[in-house]
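First comes the structure, then the notes that go with it.
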There are 2 protein chains.
Amino acid sequence: MKDLVSRCPIEEVMQVLSGRWPTLLIYYLQDGTKRFGDLRRDNPTISHKMLTVELRKLVDAGIVQRTEFEGYPLRVEYDLTPEGRKLVPLIDALADWWDATDGVRRPAGAAVDRVST
Amino acid sequence: MKDLVSRCPIEEVMQVLSGRWPTLLIYYLQDGTKRFGDLRRDNPTISHKMLTVELRKLVDAGIVQRTEFEGYPLRVEYDLTPEGRKLVPLIDALADWWDATDGVRRPAGAAVDRVST
DNA sequence: CGGAATCCGCAATGATACTG
DNA sequence: CAGTATCATTGCGGATTCCG
């Protein structure tokens, strides 16, 4: 999803939240401050690279706060920003909607509604 | 994004809404019934194939209702389902959040917060 | 430990042609 | 008009390596 095709905010938010990881990372950051390694453990299947890439995206979007401490070994902490915390209930609402509509979904390409003119 | 890595509903909704088109299609379907060609005109840059693929995804998720009429030329209409309409305000909330946080975003990789231990 | 840079395979997407 | 099928292309995302 390289660039935008419309200028509506809808497409712009989705540019940030799309994909498997952004919402999951926000979800895990609800618990409080996390270090890079913590987030890797929370999401065992995310690759090292993806985690850095996705975190940077969230930082640039103002959703996550990155704090880098000096010294060895390196230490970096991630937190939700105030803006990011406002986003949490919205994501939760989507999750709730999903659960509530559980019965409506089709196995994928089931019956087709056909109507005579 | 082939399969799920967690069973939380958050990842499951995003599986459906992720990408450039799903939310845009839902947005355009707010106006009421649309035919295939209408949606193509609403989204000039979406390819024929992508439109069918994405629409099918939304239909399978119970968000969009597909109605096929017989006769020539072929005619198919798309509507939001009741469930789909419930989704609209949630997407709008995300868009509003995005607009409200406009000032917080960085140009992409700007300053870094560094703290001495 | 956290991150940047590189290479690379595979899935997603686009273009085209064909069908009912 | 709407959709399917096929093939070509893109680019995401994983593995690996090197750096502070």
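What's counted below: heavy atoms across the whole structure, side chains too, no hydrogens, waters or symmetry copies. Order of the sequence lines fixes the chain letters, A, B, ..., with proteins taken first and strands second; residue numbering starts at 1 for each chain.
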I need the [atom1]-[atom2] distance between [X] and [N], as an integer number of Å.
X: B:Ile46; N: C:dA12; atom1: CD1; atom2: C1'; value: 13 Å
X: A:Leu25; N: C:dG2; atom1: CG; atom2: P; value: 14 Å
X: A:Leu51; N: D:dG14; atom1: CG; atom2: C1'; value: 13 Å
X: A:Lys57; N: C:dG3; atom1: NZ; atom2: C1'; value: 18 Å
X: B:Arg20; N: C:dT13; atom1: CZ; atom2: P; value: 9 Å

Go through the structure and list residues passing salt bridge (Lys or Arg N to Asp or Glu O under 4.0 Å) with B:Asp38, not counting sequence neighbours.
B:Arg41
Over all heavy atoms of both residues, which pair between A:Trp98 and B:Glu12 is shortest? Give the atoms and the distance, please.
NE1-OE1, 2.7 Å
Shortest non-hydrogen separation from B:Gly19 to A:Ser18 and the atoms involved:
N-OG, 2.8 Å
Going by side-chain contact (heavy atoms from CB on, under 4.5 Å), B:Leu25 matches just one of B:Leu80, B:Ile63, B:Leu51. Which one?
B:Leu51
Helix axis bend for the helix from C:dC1-D:dG20 to C:dG20-D:dC1 - C1'-based end axes, five pairs, 10° rounding
40°
Testing the 3.5 Å rule here: is there a donor-acceptor pair between the side chains of A:Arg105 and A:Thr101?
yes
Each nucleotide of nucleotides 1-6 of chain D classed B (base within 4.0 Å of a protein heavy atom), S (only sugar-phosphate) or -, in 5' to 3' order, makes BSBB-B
Between A:Met50 and A:Tyr72, which is nearer to the 5' end of DNA chain D once each is assigned its nearest nucleotide?
A:Met50
Given 3.5 Å as the limit, does a donor-acceptor pair link the side chain of A:Thr81 with the main chain of A:Gly62, or not?
yes
State whether the number of non-hydrogen atoms from other residues, nucleotides or ligands found under 6.0 Å of B:Tyr27 atom OH is greater than 12.
no
Looking at B:Arg56 and B:Glu54, is there a salt bridge between them, counting it only when a charged N and a carboxylate O are closer than 4.0 Å?
no
